[in-house]
Number of protein chains: 2
Amino acid sequence: MTGEGQAARTIARGGGHAVWRQIVEHLAADIDAGRLQPGARLPNEMALAETFSVNRHTVRRALAELAAKGLVRASIGRGTFVELPRLAYPIGPRTRFTEIVESGGREASGELISSDSLVASAEVARRLNLPEGASVLRLVTRRSADGVPVAYGTSFLPLPRFAGLAERWAEYRSITKAFADFGVADYSRAETRITAREAAADEAAELDLAARCIVMVLESLNVDSAGVPIQLTRSLFAADRVELVVGR
Amino acid sequence: MTGEGQAARTIARGGGHAVWRQIVEHLAADIDAGRLQPGARLPNEMALAETFSVNRHTVRRALAELAAKGLVRASIGRGTFVELPRLAYPIGPRTRFTEIVESGGREASGELISSDSLVASAEVARRLNLPEGASVLRLVTRRSADGVPVAYGTSFLPLPRFAGLAERWAEYRSITKAFADFGVADYSRAETRITAREAAADEAAELDLAARCIVMVLESLNVDSAGVPIQLTRSLFAADRVELVVGR
DNA sequence: AGGAATTTGTGCGTATGTATG
DNA sequence: TCATACATACGCACAAATTCC
């Protein structure tokens, strides 16, 4: 709740409060108060610069911050827009993406962005309980609910065992079904490690997010019914779209 | 887990690949390969600018990206440093802070910052399965490992049942022992909901963090052996100090 | 104790590239 | 084809926090 109309666009300089931060607060207040509606286009950067009597770069720094907070999103040649979304996503020890999403009445979809094989790094080999120098299959995938990207992840799988899995994945659009073709009737998540950080620019793009939004990073290890590691995955979830639920 | 990637050692200009992105890849590869060890100081921005033959702003753009990825951290007047590994913090049905930390060879400590009683909000009452308008005990606590704040949290407990628990907590320095005095020989975590966001100024202060750090927010519900909800807790974990581990 | 040096943070001015409509 | 608007990059200057001497 800042002031009235246009007048209160004054910036206090040299007061220990960075100019760009003050601009962030102004615009965030406008969004919060509904003066800038979800989906609305902000004035362009030059106009904002004039409004606040600052350089365009200073406006850009403020807009980058708002994007990081998930409040706005910039699009080249079009403008900068107020974000709207909000999407909930549960996760558990026996997570099946498709089941979870569809049980929530949403339409689950997944894309295989890329796949290749490579020699496992020391870290990957250790987690998958493979000898140093073993080959692994790498899958880069994106999963969406109702067309909105939810998770963007990279998986590593032991290679002699799962050669050709990428094609099955692409065909079935389900890792569970693809696993079945390789004799994995069931699998479970042995461990998940969770951290959070700002999304890097490329990651944000894959998740169709504003740059520098906060993402939760999940590193999970799937094991087959015999307890043998079969898949190590690092997935990114947009923190302002997803709430993880553990247990129950 | 990042990889095997071999970043180009030279900066290609005008090739559709932004210069600052190439610098990101170069430095990330150095960190991944161990040429830059955890805790090591990077060359200062001017030196990096000369190394890559770019402007200091371009280096800064790359460093901001690396900071977003959690690989480095900048500090005014000191330099930019490779981030240290995080403390693994298991989240499970039987999470016990003291046990977790001490099993990791660290010294666990906890402080009761404040306690009071109040009428439960609708949300709190619902989660604790209490009638509207019920009284609850509120505890604000901070837990540390080796003197470094790890978690800062607020708990709500049903009040007729746990009146006086705050004093026991302060005496025993252990919620587990305090519960025992109220006939709760055992309890478990029924559910944990995890999100992440930027820390507010006061929260950052309590966690001894720089402002604007990212925190993971855990809302967990503890139940006694009969399955009755006894404690609803919202805890903040510094995302760059802690890695939550689910399962196993 | 205190000032100088070091290093990151902020801000301005300018120029050019690229995507959109 | 053209104007618009964001993206990248360079150069300069000063502020703020820390460390060094």
Side-chain angles (χ1 to χ4, degrees), chain A residues 10-27 40-68 71-83 198-202 204-205 208-212, chain B residues 10-27 39-68 71-83 204 208-213:
Chain A
T10 52
I11 300 296
R13 316 191 72 115
H17 200 38
V19 173
W20 65 266
R21 292 185 193 279
Q22 298 179 53
I23 297 174
V24 165
E25 288 169 10
H26 266 112
L27 295 176
R41 214 196 95 186
L42 274 63
N44 69 49
E45 296 172 350
M46 278 308 296
L48 287 172
E50 288 177 18
T51 299
F52 292 108
S53 300
V54 300
N55 188 273
R56 180 174 157 242
H57 282 308
T58 308
V59 168
R60 280 180 61 74
R61 182 68 186 85
L63 291 178
E65 185 68 12
L66 289 168
L71 294 179
V72 305
R73 162 136 159 240
S75 178
I76 301 176
R78 302 202 310 128
T80 303
F81 301 84
V82 179
E83 280 272 24
E198 269 186 24
D202 55 336
D208 196 18
L209 277 176
R212 317 194 62 169
Chain B
T10 55
I11 303 297
R13 311 189 79 112
H17 199 40
V19 172
W20 67 265
R21 290 184 192 278
Q22 298 177 55
I23 296 174
V24 166
E25 288 169 12
H26 192 124
L27 294 176
R41 217 198 90 184
L42 274 65
N44 69 48
E45 295 170 351
M46 279 306 297
L48 287 171
E50 288 179 15
T51 299
F52 292 108
S53 300
V54 299
N55 189 274
R56 178 174 160 237
H57 282 308
T58 308
V59 167
R60 282 180 60 75
R61 181 68 186 86
L63 291 178
E65 190 70 5
L66 289 169
L71 294 179
V72 306
R73 166 175 297 269
S75 177
I76 303 175
R78 305 204 317 125
T80 303
F81 301 84
V82 179
E83 280 278 23
D208 195 17
L209 282 175
R212 299 181 59 246
C213 271

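Throughout, a chain's letter reflects where its sequence line sits, starting with A, and its residues are numbered from 1.
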K.L.:
What is the distance, rounded to the nearest whole Å, between atom CZ of F52(B) and atom P of dA9(D)?
P.N.:
13 Å
K.L.:
side-chain contact (heavy atoms from CB on, under 4.5 Å), that's the test. Do V59(B) and T51(B) meet it? Break it down for me.
P.N.:
CA-CA 10 Å; V59(B) 167; T51(B) 299; over 6 Å; no
K.L.:
dT8(C), dA5(D), dA9(D): which one has an atom nearest the side-chain heavy atoms of R41(A)?
P.N.:
dA5(D)
K.L.:
Can you tell me how far C1' of dG9(C) sits from CG of L48(B), to the nearest Å?
P.N.:
16 Å
K.L.:
Give the rounded distance in Å between these two atoms: CE of M46(B) and C1' of dT6(C).
P.N.:
13 Å
K.L.:
In whole angstrom, give the distance that lies between atom NE2 of H17(A) and atom P of dA15(D).
P.N.:
19 Å
K.L.:
Is the shortest side-chain N/O distance from R21(A) to OP1 or OP2 of dT10(C) below 4.0 Å?
P.N.:
yes
K.L.:
dT19(D), OP1 or OP2 - any side-chain N/O from R78(B) closer than 4.0 Å?
P.N.:
yes
K.L.:
Between dA5(D), dT18(D), dA9(D), which nucleotide has the shortest distance from any of its atoms to the side chain of T58(B)?
P.N.:
dA9(D)
K.L.:
Looking at dC6(D), I'd like to know if its phosphate oxygens (OP1 or OP2) sit under 4.0 Å from a side-chain N or O belonging to T80(A).
P.N.:
yes
K.L.:
Check the distance between dA3(D)'s P and N44(A)'s CG and give it to me in whole angstrom.
P.N.:
16 Å
K.L.:
Could you tell me how far apart F81(B) (CZ) and dT19(D) (C1') are, to the nearest whole angstrom?
P.N.:
11 Å
K.L.:
Figure out the CG/C1' separation between L63(A) and dT10(C), and round it to whole Å.
P.N.:
16 Å
K.L.:
With sequence neighbours left out, write down each residue that passes side-chain contact (heavy atoms from CB on, under 4.5 Å) with A18(B), or none if nothing qualifies.
P.N.:
W20(B), R21(B)
K.L.:
Any donor-acceptor pair under 3.5 Å linking the side chain of H26(A) with the backbone of Q22(A)?
P.N.:
yes
K.L.:
Looking at dG11(C), dA13(D), dC6(D), which one has an atom nearest to any side-chain atom of R60(A)?
P.N.:
dC6(D)
K.L.:
Can you tell me whether the side chain of H57(A) and the base of dT14(C) have a donor-acceptor pair closer than 3.5 Å?
P.N.:
yes
K.L.:
Can you find a donor-acceptor N/O pair under 3.5 angstrom joining the side chain of R56(B) to the base of dG9(C)?
P.N.:
yes
K.L.:
Report the residues that fulfil side-chain hydrogen bond (donor to acceptor under 3.5 Å, both in side chains) with R56(B), sequence neighbours left out, ordered by chain and then residue number.
P.N.:
E45(B)
K.L.:
Please tell me which of the listed nucleotides, dT8(C), dT10(C), dT8(D), lies nearest to the side chain of E45(B)?
P.N.:
dT8(C)
K.L.:
Which whole-number value in Å describes the distance from E65(A) CD to dT10(C) C1'?
P.N.:
13 Å
K.L.:
So do the side chains of T80(A) and L66(A) get within less than 4.5 Å of each other, counting heavy atoms only?
P.N.:
no
K.L.:
Of all the choices, dT7(C), dA9(D), dG11(D), which nucleotide is nearest to the side chain of N55(B) once you look at every atom?
P.N.:
dG11(D)
